[in-house]
Each structure stands twice: as C-alpha cells, then as structure tokens.
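Please read the structure below before turning to the comments.
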Amino acid sequence: MDSKIRSLIGKLTLEEKVSLCSGSDFWHTTMIKRLDIPQVMVSDGPCGLRKQNCDDENAGVNDSIKAVCFPAAVNMAASFDVDTVRRVGEAIGDECQAENVATILGPGCNIKRSPLCGRNFEYYSEDPFLSGKMAAAFINGVQSKGVGTSLKHFCANNQEYRRNSYDSRIDERTLREIYLRSFEIAVRESQPWTVMCAYNLVNGVQMSENKRILTDILRNEWGFEGLVMSDWGAVRNRIKGIAAGLDLEMPSSNGAYDSLVIDAVKSGELDEEDLDRCVQRVLEFVFRGIDKHDKDAKWDKEAHHLLARDIADECLVLLKNENKVLPLKNDDHVLFVGGFAKKPRIQGGGSSHINCQSIDSLMMAMQWNSKAIWEEGFSAADDSYDETRFNRAVNAAKDIDKVVICAGLPDSYESEGYDRKHMDLPKVQNDIIDAIASVNDHVIIVLENGSPVTMPWIDKVEGVLETYLCGEGAGVATADALYGKCNPSGRLPETFPLRLEDNPAYIDFSTECSEIDYREGIFTGYRYYTKKKIPVLFPFGFGLSYSTFSYGKMSVDTEKMKDSETVEVTVDVINESSVPGKEVVQLYVEADIPNTKVRRVVRELKGFKKIFLDAKEKKSVSFILDKSAFAYYDTQLGDWYTEPGDYRIEICKDADTVITYKTVNVVPKKPKKTVYDENSIYKDIMEDPAAAKIAKPYFDRYMGDHLAPQNGDESAVEAFGSDPEVYLWDTTLRNALNMSQGVLTYKDMADLIEKLNK
Ligand code: BGC
C-alpha cells in the first residue's frame with residue numbers, strides 16, 4: 001500500500017472511514033476536508049458522456065451537458081473490430097478529461113440471454129468472447145486517457161423486469177463459461193479502474209454482498225486490483241457488503257447505513273480490517289483520478305461528431321441484398337418512407353441517454369440528391385395508425401424506381417427499466433412494408449432497433465440494412481451505405497431467431513417469479529440454435545458486403561499440442577471483386593471427440609479480425625490460440641480443463657457456415673485424474689486403458705458363469721440382447737458384486753477401487 005494512503009487511514013476516525021465508503025451525492029465520492037482528501041466525479045456512459053449538474057438533484061435522465069452520442073454497445077459489437085471500439089473509448093476519455101469526470105460508468109458486458117431484455121442495446125453480444133474483447137478494447141481506450149471505467153453490471157443481470165430483486169439461478173459451469181466469462185476477459189485484458197456490482201442476486205446471494213464473486217473470483221482468481229462500487233441503489237446490507245468486498249456505495253444514501261456499520265465495527269460483527277481495505281481502495285481510486293486529471297484538457301465537439309459518423313460506418317450490417325438492389329445509384333428515383341428518416345432513433349433510453357449536440361438524419365444527409373423524396377407513412381414516435389399518411393406513402397411508392405423504408409422500434413419499446421413485450425416491429429410498420437412491397441419490387445428496409453426484431457416480410461423485400469442505434473452520425477452513415485460511399489462491414493453480434501419462442505430462454509425470461517432459472521445452461525444464443533439445428537432468420541456473425549470475399553489456404557503450425565502451448569492459425573482471404581471492402585474473419589472451435597464425457601456446444605467463437613482488402617487484394621490473417629480456445633469449465637476440478645482429443649479450428653462466415661477447417665489434437669498439460677468408486681460403470685472403466693487393464697479380471701469373474709445372456713438363457717437374451725457389452729455397459733462395480741452370486745466379495749471390490757485410484 002502507498003505510504004500516503006497508509007498514513008491517511010491511520011488518521012481517519014471510524015466515522016470518517018465509513019463516510020468515505022459511500023458517495024457524497026449522486027455522482028461524487030466523499031471529501032474529507034480535515035485531511036485534504038478530495039472528491040472525484042463519476043458519470044454515466046458508455047456511448048457518450050452523460051454528465052449531470054449536481055446542484056440539480058432532480059435533474060431528469062435527459063438533463064445533462066451537451067455531448068456526442070456514439071453508436072450504442074450493440075453497434076460497437078457489430079463492428080467486430082477492437083480498434084473501432086478503442087477509438088470510441090479514447091474519444092470519450094478525452095471528453096471526460098475535459099469535463100473533469102474521473103470515471104465513466106461503463107461498459108456493460110452482460111450477456112444477451114433473450115432478445116427482450118430492455119437494455120440489450122447497452123450490451124455487446126450473446127457471446128462472452130465477443131463481449132469480453134469489446135469491453136476490454138473500450139476500457140483500454142478510455143483508460144489510456146487517464147480516465148477510469150466501471151465494468152458493469154457484475155454479474156448475471158440479464159433482464160430489467162424486477163431488476164432490483166430477482167435471483168439469477170445458474171449452474172456453476174454456465175456461470176463460468178457464459179455469464180462471468182465476458183467480465184473475466186475484460187478484467188484480465190484491461191484491468192478496469194472499477195467494477196460495478198449488479199442489482200440482482202446470484203444463486204440466492206445479493207450481488208452487493210456476494211463475497212464469492214466480488215472477492216474470491218474477481219480479485220483472487222482474476223487479479224482485479226481496482227474498486228468495486230454498487231450500482232445505483234444496489235446496497236441491501238452495507239455491513240455484509242463491506243465484508244464481501246463492495247468498497248463504495250453509490251449514490252449517497254445520506255448516511256442511512258453509516259451508524260449500523262459503525263456499531264458493527266464497535267461490536268466486532270464487522271472486522272475493521274475489512275472496512276480499512278475498502279477505505280484503501282476508495283482512496284486509491286480518488287487519488288488516481290486526481291493525479292491523472294489534466295486540467296488543461298479540451299475536447300473538439302465537431303471532430304467527435306465526425307468521428308461518430310466514421311464509427312457508425314463500421315457498424316452497419318447488410319442483411320439482405322437480392323439482385324444487388326444496393327448500392328443505390330445517384331440517379332435512381334428513390335422514395336424514403338418513415339418518421340425515422342427525419343427523426344432517427346440513435347440511442348436507447350435510460351441512464352445511458354446522451355444529450356446530443358447535433359444529430360444527422362437520413363433526409364438531411366440526402367439533401368444533395370433531388371431525386372430523393374420522402375413520405376412519412378408512419379410516425380417514429382409510437383405505433384399509431386394514420387390512414388391518410390399510410391396511403392400517401394403507398395401511392396407514392398407505385399411509380400418510383402426504389403423505396404427505402406426506415407423502420408424501427410419507437411423509444412417506448414425498449415429502455416432501461418423494463419423489458420420488451422414481444423419481438424415485433426409496430427404493426428403499422430409491418431403493414432406498410434407489406435403494402436409497399438406489393439406495389440414496388442425494389443424495397444429496401446433500414447432498421448433502427450436495439451435488439452432483434454421479427455421480419456415477416458423478409459421474402460417480399462430486396463434489401464435490409466440493420467443500423468441498430470447508430471449514434472448521432474446515423475443519417476450520414478446510413479446514406480453512405482445505401483449509396484455505396486461506405487461498404488457495410490458489420491456482422492450480427494447476436495442471432496436473429498425466426499420466432500421469439502425459439503429463443504432458449506423463452507420460458508424462463510422475465511417471468512412473474514423472482515427466481516429466474518437459467519435452465520438453458522451454456523446453450524445461450526447460437527450455442528443453442530446450432531445444437532438443436534433450429535433454423536434462424538439470421539445467424540450470429542452474419543453480414544454481407546458489396547465486395548465478394550473468398551478464402552484460400554488455411555494452415556496451422558502444429559497438429560498436436562499440449563494445452564500449455566499455443567497454435568498459430570493462418571488463412572488467406574481474397575477480395576474477388578473490384579469493390580474495396582472489409583471482411584470479418586471469424587474463427588470458431590469445435591470439439592471432435594466421439595467419446596466425449598462433456599456436454600458440448602457445436603462451436604464457439606474464439607477469434608475474429610476485421611481486415612481491409614482493396615479490389616482483388618489477397619491478405620493472410622493469423623490467430624494465436626491458447627488453452628482458453630479448447631478448455632471447458634470443469635466443476636469437479638473447479639478449474640478450466642482441456643479434454644484430450646481432436647479439435648476442429650474453423651474459419652466461418654457466421655456461426656452456421658464453416659468455410660474451411662484444420663484439426664489439431666490437444667492434450668492437457670496435467671491430465672485430470674478420474675476418481676473411481678462403487679458407482680463407476682463398466683463403460684467408463686473400459687474406455688480408460690489403464691483402468692480397463694486393472695478392472696478386467698474383476699468383470700471377467702463376474703461374467704464367467706453368471707451373466708445370464710452368455711449362458712444361453714433364452715429369456716435373458718430376449719430381454720437384454722446377446723451382446724454382453726451392451727448388457728454390461730451400465731453395470732457399476734457394486735452391481736457386479738451384488739449380482740455375482742458370491743463369486744466377488746466386498747473386499748474384491750474395495751481392493752479394485754483402491755488400485756484404480758492409485
Ligand atoms: C444503472 C447504471 C447506471 C447508474 C447511474 C443505474 O440505474 O443500472 O447502469 O450507471 O444507474 O445512472
């Protein structure tokens with residue numbers, strides 16, 4: 001510990017220590033004037049800076065300083081590009097420096113368990129690898145500017161309904177491989193200044209009191225060195241929270257718990273050392289913010305607005321482009337339809353809402369083109385029907401080259417604080433798309449939504465461009481993509497199911513009970529759809545381009561390895577077209593172990609790289625894979641473990657489409673010891689060569705005269721078949737003893753178990 005901090009802790013009174021562990025207001029830490037301990041400010045993010053004026057305690061969510069709204073987290077993930085995300089982090093870091101904000105409250109890297117979570121736009125993906133890498137890139141960007149981040153909402157906060165009190169009940173393997181994993185990657189790769197604990201409970205324990213997750217796993221296993229703060233109002237029992245490693249309560253609860261904590265220390269219920277540890281971390285956090293603050297920092301609003309446009313370009317996902325309807329030609333007569341074309345939906349609602357300085361709308365971006373006309377057709381604000389408006393748009397669509405319909409979810413459909421009720425666009429929008437598609441063959445849909453929607457009209461339209469919630473540069477970026485100035489290069493960071501009912505969490509999500517069982521286990525998102533071979537509308541990782549890419553030679557630098565070693569994978573990518581563009585090379589790993597003892601998903605994303613290829617250009621892309629590409633979380637070991645066997649390293653177009661693969665045999669550095677007991681079965685023992693040798697005489701004696709089918713007992717053959725292996729397959733060591741009619745003794749079994757375990 002720093003000597004300055006040690007000395008301060010020595011001087012603080014118990015009351016002062018306790019007060020330091022809560023905020024002083026909504027956004028500041030507590031200052032102790034007597035000892036010159038300053039305060040620092042934190043503010044919301046993460047798609048921009050939402051700095052509120054603290055003198056106005058009642059400032060509404062949308063009252064904050066003017067700032068730039070970058071694309072939402074879902075867009076960031078759709079970029080499939082860590083450099084893009086890092087650039088946004090750096091820009092927001094600059095804004096925080098200039099506005100004297102020590103830490104931005106984000107990024108959120110919770111997993112999208114269902115398309116209905118009201119906050120999905122604020123999260124990256126249904127996949128923990130993609131989420132973790134994106135969060136790490138954002139954190140590294142912000143923190144490179146001397147500003148902290150708060151990785152949130154830790155953890156298993158996957159719905160909004162009853163968000164303060166539901167209990168996420170998750171088995172250990174699923175928790176480790178899915179819901180903790182995105183946080184683990186981010187913590188290990190970026191060491192955020194702070195982590196924000198979530199509102200909910202996990203397996204019966206409130207997250208703000210969850211010592212196992214906040215201390216044992218986060219700090220002791222992953223090596224987190226920063227401060228843990230509560231989500232706003234997530235504290236239930238401050239004494240338990242301090243003991244669990246929750247350092248800072250936010251916002252201020254006006255000392256509501258202070259006297260309880262003081263009494264607990266005095267009575268010995270709470271160890272003062274636990275409190276001191278929290279105080280130490282709060283002080284480290286505060287002085288870090290003060291030391292890193294650059295008083296002369298400024299930020300350039302115009303430059304950040306232009307950056308927001310550039311970033312938006314990277315995130316657009318072209319979902320359909322039949323007959324090459326896109327890009328549009330400058331002299332096409334195009335009808336634009338929808339309120340969203342003039343009033344784009346660029347961000348989600350709630351605490352991440354940015355007070356934008358300026359917003360590019362699509363029609364504003366189309367001013368250069370006199371061949372572009374607009375009809376409202378429907379409002380962007382709600383799902384109301386206006387027949388006159390509706391019919392005017394349909395009539396205008398009849399005699400025009402092409403129609404671009406800007407559809408999307410109105411603000412009220414998705415926000416922090418509540419979940420979506422269904423996965424559909426407002427009926428008026430689906431109806432107008434149908435009506436226009438029946439009078440014009442060249443319809444293109446531009447979507448503005450934070451999470452998947454159903455597309456009942458998908459076969460009737462030629463083009464679909466998913467723009468998600470693309471930030472304040474949305475209009476220009478969308479126009480550029482429609483007219484080919486920008487070549488779309490985003491990929492879906494989540495599956496678009498055909499129906500909500502297909503989603504693996506459908507039954508257990510956002511229900512009336514407050515115990516939320518994660519029964520689908522590790523089979524979230526594409527892990528489920530690929531395993532069950534359920535057709536989807538668009539798979540995870542899907543996205544088209546105006547370029548045509550092909551893949552050439554793939555190689556691995558080893559075909560056999562220990563999991564303590566690494567393998568380098570290289571693949572050639574070629575742009576076959578004359579259009580320069582960016583391809584996202586996706587690498588998945590699939591276990592190819594016929595006798596696997598582990599419940600397996602089909603394939604998992606383990607690498608991705610976005611590369612630019614000029615017309616006709618060819619490039620090689622390489623990945624280095626280590627144990628984390630092959631291991632699963634073994635609950636018996638309480639650790640990650642690589643099952644020995646073959647693994648297919650696959651280069652894919654998306655989670656459903658393998659382009660090429662190579663097989664590598666991987667063995668664990670330290671093989672897992674199987675523990676045998678009375679219930680060990682014949683099959684398992686015989687599949688372990690060493691154990692089979694030891695156990696064979698035991699089973700031979702049992703089978704000798706006593707195995708009915710072998711003795712030609714007709715009725716036994718009829719009942720069990722004549723293959724002794726099949727008959728025996730499931731036989732435990734104790735079954736053999738029980739059924740051997742005295743040939744085997746208890747001692748025989750006990751001796752065998754001892755030998756097997758040696
Ligand atoms: C949200 C956090 C946010 C905090 C402060 C909470 O309700 O869950 O994401 O950072 O408020 O606004």
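Atoms within a ligand are numbered from 1 in the order they appear, just like the ligands themselves. This is a predicted model, so every value here is computed, not measured.
Which of Glu160, Arg119, Glu416 comes nearest to atom 9 (O) of ligand 1 through a heavy atom is settled by distance: it is Arg119.
The two residues Leu275 and Val18 have their closest heavy-atom pair at CD2-CG2, 3.9 Å.
Surrounding CG of Leu306 are more than 12 heavy atoms belonging to other residues, nucleotides or ligands, all under 6.0 Å away.
In this pair, Tyr123 and His153 present their aromatic rings perpendicular. The plane angle is above 60°, beyond the 30 to 60° band. Ring geometry, Trp299 versus His304: the interplanar angle falls from 30° to 60°, so the pair is classed tilted.
Put simply, CE on Met250 and CG on Leu105 are 7.5 Å apart, with the number rounded to the nearest 0.5 Å. One finds the CE atom of Met196 at 10.5 Å from the OG1 atom of Thr149 (value rounded to the nearest 0.5 Å).
The ligand atoms of ligand 1 that sit less than 4.0 angstrom from a heavy atom of Trp27 are 5 (C), 12 (O). Heavy-atom contacts of Lys152 reach the following atoms of ligand 1: 2 (C), 3 (C), 9 (O), 10 (O) (cutoff under 4.0 Å). In summary, the atoms of ligand 1 found under 4.0 Å from a heavy atom of Met196, numbered by their order in the structure, are 10 (O). Ligand 1 places these atoms under 4.0 Å from at least one heavy atom of His153: 2 (C), 8 (O), 9 (O).
For atom 12 (O) of ligand 1, the closest non-hydrogen atom of the protein is Asp44 OD2, 2.4 Å. The protein heavy-atom contact nearest to atom 7 (O) of ligand 1 is Tyr199 OH, 2.8 Å. Closest protein heavy atom to atom 2 (C) of ligand 1: Asp231 OD1, 3.2 Å.
Heavy atoms of Arg50 approach ligand 1 to within less than 4.0 angstrom.
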